[in-house]
Enquirer: 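I have a structure here, written as structure tokens, and I will follow up with some questions on it.
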Amino acid sequence: MIRVRFAPSPTGALHIGGAHTALFNYLFAKRLEGKFILRIEDTDKERSSKEYEEVILESLKWMGIEWDEGPYYQSQRLDLYREKANELLQKGLAYECFCTPEELKERREMMVKMGRPPKYDGRCRDLSEDQKRDFRAKGLKSVLRIRIPDGKSFLRDAVKGDVSFANDSLGGDMVIMKSDSYPTYNFAVVVDDIDMDITHVIRGDDHLTNTFKQMIIYKAFGKELPKFAHIPLLLGPDKAKLSKRHGAESVLEYKEMGYLSDALFNFLSLLGWTPKEGQEIFSRDELISMFCLAKLNSNPAVFDMKRLDWMNSQYIKNMDDQNLFYLAKAFYDKAGIEVVKDDFTLKAINLGKVRARTLQDLVIGTKYFFVEPELSAEEMDSINSNNSTALLLEKFLELLNNGYDSHMDLENKSREMVASLNLAFKDLVHPLRLLVTGMKVGPGLFEIVDALGKDIVIRRVSKFLNDA
RNA sequence: GCCUCCAUCGUCUAGGGGACUAGGACAUCGCCCUUUCAAGGCGGAAACAGGGGUUCGAAUCCCCUUGGAGGUACCA
């Protein structure tokens, strides 16, 4: 049974990079009918918060990344880590260290200054019982460090291929239990991954060094390694690791901007992976059925908003009007526009969806269906500047009152009318559009008029004619 | 500094020794359509970082250089 995990730490919202990692874990698990486990890594007492944790769960749900097990909380598994750490202590594979953070920092800086790589010097490796007693008597708290053996470690990574790493450059014997008797990240991860029978660890490239540290811990426990897959990081336009500096980065922010979960899911899947040449739009099921770890790219990808916009617009324009309504409802609400699901609203959505990149765009582009447009003085002037406008509008209202079969029919009748007056068609269309929608751009005018209905159009046009 | 990873159009990528005149998509430009803006259709411009090898033959394999990224904590 394949078992993978996504293990965010609740020290911030779920960001796009995290979602990308979660997504690949999810696709992999689904493809091989395995389990996707969610684990909250909240061993940083200072920075972890319940709020962030909730945001992460909500983000995953919105993305449609459902977990099969968990969430497990590391903060509730402290006894296990202590027990396992003690095991290593008993075996002599770990030892107590009384160096203070200040001392360590000082020594590190010194080493860097001397042009040497910063590394713990192992001075507490072989303390005598007397020495330890002295330290404790002075009130010093100890951490537990694991001994890092000499030599080189080899990793067969599912996406990177073979990587080797000298244990010597791992930074010296590493801390596994902090002085507050909480486990460190690397230790808790390994204890949990072993305990939870994780078979494949799929995580960001930035963990590559951690993997080599963790391999030491696996070895200390005499456990088999899971398969590792380090997927490339997502980059911002400046090619640096995607972060807050690049603007929107949290998953929920994309939701609020009006991106569809399906579109983001699709878009993120194609960052670092090509399921099939010549196709860009894939359903979740297609992505799951085609997923293959070995086909992931090993080079990092830039997160391109323009491409996301395009993909989102594809999903919007191909979605049926009813479903789009359900998704857009929240955005109308937020804009203070009251909408109900009726033919009128669905027609508005149908006309608007072709030119919307986001749900926000859709709301802006269909607002005039629900709210009387307001024209600026400048726009009024532009309408008034042509002295045949009033005549054209009056004639148009007559046509409208006389009835028509379809928007095509109405358009033909309008063209004939304008031609009979020897005037230009655009002199009718542009002012009419502005009066009816308050905008200079949008769907076909006669489709709008038809969808809006006679009453609304007559009201908006007459208001202008009467004021003039 | 040291360690590790990475390197094809601006961006996402196809490519795993000859099918490459390097293909597709987004973005961009032009044209068509047209009452506008989109959408759609058609077309254009646009890349193998550089240098050495290996080979009859290299975008593809190896090495070096350069560039970029990540890591280097009692953070995760």
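Numbers restart at 1 for each chain; the letters A, B, ... are given by sequence-line order, proteins then strands.
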Enquirer: Answer with base, sugar-phosphate or nothing: what part of the nucleic acid does Val163(A) contact at a heavy-atom distance below 4.0 Å?
Expert: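 Sugar-phosphate, backbone atoms only, no base.
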Enquirer: Return the polar atom pairs (N/O with N/O) between nucleotides 39-44 of chain B and the protein under 3.5 Å, or none.
Expert:
{"unit_1": "G40(B)", "atom_1": "OP1", "unit_2": "Gln314(A)", "atom_2": "NE2", "d": "3.4"}

Enquirer: Mind checking if Gly442(A) touches a base, just sugar-phosphate, or nothing, with heavy atoms under 4.0 Å?
Expert: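 It contacts base atoms.
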Enquirer: Distance check: side-chain N/O of Lys178(A) vs OP1/OP2 of A76(B), anything under 4.0 Å?
Expert: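 So the side-chain polar atoms of Lys178(A) do come within 4.0 Å of the phosphate oxygens OP1 or OP2 of A76(B), strictly under.
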Enquirer: Are Asp168(A) and Lys119(A) within salt-bridge range, i.e. N to O under 4.0 Å?
Expert: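 Yes.
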Enquirer: Mind checking the P distance from C63(B) to C5(B)? Whole angstroms is fine.
Expert: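 Approximately 11 Å lies between the P atom of C63(B) and that of C5(B).
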Enquirer: Indicate yes or no: does Arg5(A) engage Glu41(A) in a salt bridge with an N to O separation below 4.0 Å.
Expert: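 No salt bridge links Arg5(A) with Glu41(A).
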Enquirer: Say we look at A38(B) and U28(B): how far apart would their P atoms be, to the nearest angstrom?
Expert: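 The same atom, P, in both gives a distance of 10 Å.
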Enquirer: Report yes if at least one side-chain N or O of Lys306(A) is closer than 4.0 Å to OP1 or OP2 of U28(B); otherwise report no.
Expert: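 So the side-chain polar atoms of Lys306(A) never come under 4.0 Å of the phosphate oxygens OP1 or OP2 of U28(B).
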Enquirer: Could you tell me whether Arg77(A) and Asp195(A) make a salt bridge, using a distance below 4.0 angstrom between a side-chain N and a carboxylate O?
Expert: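 A salt bridge is present here (some side-chain N lies under 4.0 Å from a carboxylate O).
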Enquirer: Does C20(B) have a Watson-Crick or wobble mate here (both distances under 3.5 Å), and if so which one?
Expert: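 Here C20(B) is not engaged in any pair, so there is no nucleotide opposite it.
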Enquirer: Can you tell me the base-pairing partner of A25(B)? Count Watson-Crick or G-U wobble geometry only, both distances below 3.5 Å, and say none if there is no partner.
Expert: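 Here A25(B) is engaged in a pair, and the nucleotide opposite it is U11(B).
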Enquirer: Is any side-chain N of the basic residue among Glu53(A) and Lys50(A) closer than 4.0 Å to the acidic one's carboxylate O?
Expert: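 Salt bridge present between Glu53(A) and Lys50(A).
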Enquirer: Would you mind pulling out the nucleotide paired to U4(B), Watson-Crick or G-U wobble, both distances under 3.5 Å?
Expert: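 Pairing partner: A69(B).
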Enquirer: Need one value for Val175(A): base, sugar-phosphate or nothing, where a base atom within 4.0 Å counts as base even if backbone is also close, heavy atoms only.
Expert: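 Sugar-phosphate contact only - Val175(A) comes under 4.0 Å of backbone atoms but never of a base.
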Enquirer: Under a 3.5 Å limit for both distances, which nucleotide forms a Watson-Crick or G-U wobble pair with C48(B), could you say?
Expert: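 Per the H-bond distance test, none.
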Enquirer: Of the nucleotides U36(B), G1(B), C74(B), which has the atom closest to the Pro118(A) side chain?
Expert: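 Looking only at heavy atoms from C-beta outward on Pro118(A), the closest nucleotide is G1(B).
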Enquirer: Determine: side-chain N/O of Thr43(A) to OP1/OP2 of A76(B), distance under 4.0 Å, yes or no.
Expert: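 For Thr43(A), the contact criterion (side-chain N or O under 4.0 Å from OP1 or OP2 of A76(B)) is met.
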Enquirer: Charged N to carboxylate O below 4.0 Å: is that the case for Arg355(A) and Asp361(A)?
Expert: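 Judged by the 4.0 Å cut-off on N to carboxylate O distance, Arg355(A) and Asp361(A) do not form a salt bridge.
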Enquirer: With rounding to whole Å, what would you report as the distance between C32(B) and A69(B) at their P atoms?
Expert: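 44 Å, rounded to whole Å.
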Enquirer: What's the closest nucleotide to the Asp44(A) side chain, out of A76(B), C74(B), G70(B)?
Expert: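 Closest of the options to the side chain of Asp44(A): A76(B).
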Enquirer: I'd like to know if Ser179(A) reaches the base of C74(B) with its side chain such that a donor and an acceptor end up less than 3.5 angstrom apart.
Expert: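 Side chain to base: pair found, below 3.5 Å.
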Enquirer: Decide, yes or no, whether a salt bridge links Arg107(A) with Glu103(A) under the criterion of side-chain N to carboxylate O below 4.0 Å.
Expert: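 A salt bridge links Arg107(A) with Glu103(A).
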Enquirer: Have a look at Cys99(A) and say if it touches a base, only the backbone sugar-phosphate, or nothing, with a 4.0 Å heavy-atom cut-off.
Expert: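 It contacts base atoms.
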Enquirer: Below 3.5 Å is the cut-off: list the nitrogen or oxygen pairs between protein and nucleotides 6-13 of chain B, distance only.
Expert:
{"unit_1": "U11(B)", "atom_1": "OP1", "unit_2": "Lys239(A)", "atom_2": "NZ", "d": "2.9"}
{"unit_1": "C12(B)", "atom_1": "OP1", "unit_2": "Val302(A)", "atom_2": "N", "d": "2.8"}
{"unit_1": "C12(B)", "atom_1": "O2'", "unit_2": "Leu270(A)", "atom_2": "O", "d": "3.0"}
{"unit_1": "U13(B)", "atom_1": "OP1", "unit_2": "Gly272(A)", "atom_2": "N", "d": "2.5"}
{"unit_1": "U13(B)", "atom_1": "O3'", "unit_2": "Thr274(A)", "atom_2": "OG1", "d": "2.9"}
{"unit_1": "U13(B)", "atom_1": "O2'", "unit_2": "Thr274(A)", "atom_2": "OG1", "d": "3.1"}

Enquirer: Does this structure show an ion pair linking Arg136(A) with Glu96(A), if we count only N-O contacts that are shorter than 4.0 Å?
Expert: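 Salt bridge present between Arg136(A) and Glu96(A).
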Enquirer: May I ask you to evaluate whether Arg108(A) reaches the phosphate of A73(B), defined as a side-chain N or O under 4.0 Å from OP1 or OP2?
Expert: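 For A73(B), OP1 or OP2 has a side-chain N or O of Arg108(A) closer than 4.0 Å.
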Enquirer: Base, sugar-phosphate alone, or nothing: which one does Pro443(A) contact when heavy atoms must sit under 4.0 Å apart?
Expert: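 Contact class for Pro443(A): base.
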Enquirer: Look at Lys241(A) together with Asp205(A) and state whether they make a salt bridge at an N to O cut-off of under 4.0 Å.
Expert: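 Answer for the salt bridge query: no.
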Enquirer: So what does Lys241(A) hit on the nucleic acid, given a heavy-atom distance under 4.0 Å: a base, only sugar-phosphate, or nothing?
Expert: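 Sugar-phosphate contact only.
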Enquirer: Out of G71(B), C5(B), C37(B), which has the shortest distance to the side chain of Val441(A)?
Expert: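 Nearest listed nucleotide: C37(B).
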Enquirer: Is it true that Asp304(A) and Lys306(A) make a salt bridge, defined as a side-chain N closer than 4.0 Å to a carboxylate O?
Expert: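 Answer for the salt bridge query: no.
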Enquirer: Ion pair present between Glu416(A) and Lys413(A), side-chain N to carboxylate O less than 4.0 angstrom?
Expert: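 Salt bridge between Glu416(A) and Lys413(A), a charged N being under 4.0 Å from a carboxylate O: no.
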Enquirer: Determine the minimum heavy-atom distance between Arg433(A) and Met439(A), stating which atoms define it.
Expert: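 Closest pair (atom of Arg433(A), atom of Met439(A), distance): CG-O, 3.3 Å.
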